[in-house]
Amino acid sequence: MNLTISIGELNTLRVERDTDYGLYLRAENFEEVLLPNIYVMEEDMPIGAEIEVFVYTDSEDRPVATTKYPYAKLGEFGYFTVVDYQRFGAFVNWGLPKDLFVPLSQQKCHFHIGSKYILRVCLDSKTGRLYGTHKIGKWLSTDTSSLSDNQKVDILVLSKTPMGYKVIIENLYEGMLFENEIFEPIKVGDRKEAYIKKIRNDGKLDLSLQPIGKKVSGDVFELKLLDCLKENSNFISLNSKSNADDIMRTFGLSKKSFKRTLTSLISKKRVELCNEGIKLI
């Protein structure tokens, strides 16, 4: 049970009393918050029961509890869709009835309705309101003293670069997945598990989607090649005689791995060679 009620976080609170508007829940210090009727399940929430809820502020800036969980909590990053835009800021859908506000001062570029952005959920200590920020650099740490090589971590894909994908690690660090080491579909906003390959001197991390030292199976290479073909209208003008750099740039595979994978797919009648290229069957 929580000692105090924490805005923007999951709270374990005791059901204190029933009212016409819903249940009032309290923390150990006797702070109370309303759980509106829409979230009340009477059979699971008798007086005295302890339940887990998320607490945020309603449209009148009053703390309110919900049994629904947002896409990201306080201190976490998420990939949010803009649903409204006003002269003072934008509103994004974060999975709760009240949208998350992103002030104009917290936008690195002009937001557009329907577009998606990686944001961090923050708390304004003066008003007690939660907000989203697009200016995430100040929230990322370079103190990697608690991390170790081959440690498994949770990541959020931040952006595509010529080298691969920038990612946010454990809501705290920045790292990189290199294109030639990615053997599965990946896009901005994906959440995945990864492994620390190298802790760099600048506090950033090089990552792998496979445990370090584990050999990638031929099936993974085949799926990667097939996905590339599908993304390029089922045809790519490369073959086993093509330049190794072009193969690496397109498929993220060495020429040796590419030739072996291509031979396997041809034997399985998944692809065929035609007109100086590869065609998906």
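Along the sequence shown, residues carry numbers from 1. As a basis for the values below, the full set of heavy atoms in this structure was taken, side chains included, without hydrogen atoms, waters or symmetry mates.
Taking CG from Leu35 and CE from Met41, the interatomic distance works out to 8.5 Å, rounded to the nearest 0.5 Å.
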Self-check item: side-chain contact (heavy atoms from CB on, under 4.5 Å) evaluation trace for Ile136 with Leu158
Solution: CA-CA 11 Å; Ile136 63 176; Leu158 175 61; 3.7 Å; yes
Exercise. Check the pair Asp143 / Ser145 against side chain to side chain donor-acceptor pair (under 3.5 Å), numbers first and verdict last.
Key: CA-CA 6 Å; Asp143 180 5; Ser145 57; 2.8 Å; yes
Practice problem: For Lys68 and Leu96, run side-chain contact (heavy atoms from CB on, under 4.5 Å): C-alpha distance rounded to whole Å, both residues' side-chain angles, the deciding distance at 0.1 Å, then the answer. | Solution: CA-CA 7 Å; Lys68 296 185 68 176; Leu96 296 180; 3.9 Å; yes
Exercise. Quick one: do Ile196 and Ile199 satisfy side-chain contact (heavy atoms from CB on, under 4.5 Å)? Show the steps, please.
Key: CA-CA 7 Å; Ile196 297 176; Ile199 300 175; 3.8 Å; yes
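Taking the charged nitrogens against the carboxylate oxygens, Asp149 and Lys198 have no contact shorter than 4.0 Å, which rules out a salt bridge. Contact check on Glu222 versus Lys268 returns a salt bridge, with a Lys/Arg side-chain nitrogen under 4.0 Å from an Asp/Glu carboxylate oxygen. Comment: Lys204 does not engage Asp202 in a salt bridge, judged by the lack of any side-chain N to carboxylate O separation of less than 4.0 angstrom.
Partners of Gln86 by side-chain contact (heavy atoms from CB on, under 4.5 Å), not counting sequence neighbours, listed by chain and number: Asp84, Phe88, Phe91. Not counting sequence neighbours, Asn234 has no partner by the side-chain hydrogen bond (donor to acceptor under 3.5 Å, both in side chains) test. Applying the side-chain hydrogen bond (donor to acceptor under 3.5 Å, both in side chains) test to Asn37 and every residue at least two apart in sequence or in another chain returns nothing. By the ring pair (Phe, Tyr, Trp, His ring centres under 6.0 Å) test, Tyr131 is found to be paired with no residue, residues two or more places apart in sequence or in another chain being considered. Asp190 pairs by the side-chain hydrogen bond (donor to acceptor under 3.5 Å, both in side chains) definition with Lys187, not counting sequence neighbours. Legend: residues meeting side-chain contact (heavy atoms from CB on, under 4.5 Å) with Arg14, ordered by chain and number and at least two apart, are Met1, Arg26, Glu50. Residues meeting the side-chain contact (heavy atoms from CB on, under 4.5 Å) test with Lys241, sequence neighbours left out: Asn239. Remark: Tyr56 engages no residue in a ring pair (Phe, Tyr, Trp, His ring centres under 6.0 Å) (not counting sequence neighbours).
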For a quick test of your reading: what N or O donor-acceptor pairs under 3.5 Å do the side chains of residues 112-124 make, sequence neighbours left out?
unit_1 : atom_1 : unit_2 : atom_2 : d
Tyr117 : OH     : His112 : N      : 3.3
Asp124 : OD1    : Lys126 : N      : 2.9
Asp124 : OD1    : Thr127 : N      : 3.4

Please tabulate, one pair per line, all N/O donor-acceptor pairs under 3.5 Å involving side-chain atoms of residues 70-83, not counting sequence neighbours.
unit_1 : atom_1 : unit_2 : atom_2 : d
Lys73  : NZ     : Glu76  : OE2    : 3.1
Glu76  : OE1    : Lys73  : N      : 2.9

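The side-chain hydrogen bond (donor to acceptor under 3.5 Å, both in side chains) analysis of residues 159-177, with sequence neighbours excluded, yields the pairs Lys160-Glu179.
The environment of Ile47 atom CD1 is dense: over 12 non-hydrogen atoms of other residues, nucleotides or ligands sit within 6.0 angstrom. Around the CG atom of Asn243, the shell of radius 6.0 Å holds more than 12 heavy atoms that belong to other residues, nucleotides or ligands. Atom CZ of Arg270 has 12 or fewer heavy atoms from other residues, nucleotides or ligands within 6.0 Å. Other residues, nucleotides and ligands place no more than 12 heavy atoms under 6.0 Å from the NZ atom of Lys197.
Judged purely by distance below 3.5 Å, without hydrogens or angles, the side chains of Asn93 and Asp99 never pair a donor atom with an acceptor atom.
Proximity of Leu177 to Ile186: side-chain heavy atoms (C-beta onward) are separated by under 4.5 Å at one or more points.
Considering every non-hydrogen atom in both Ser59 and Lys98, the closest pair reads N-CD, 4.1 Å.
Alongside Met176, the hydrophobic cluster contains Met163, Phe178 (criterion: ILVMFWY side chains under 4.5 Å).
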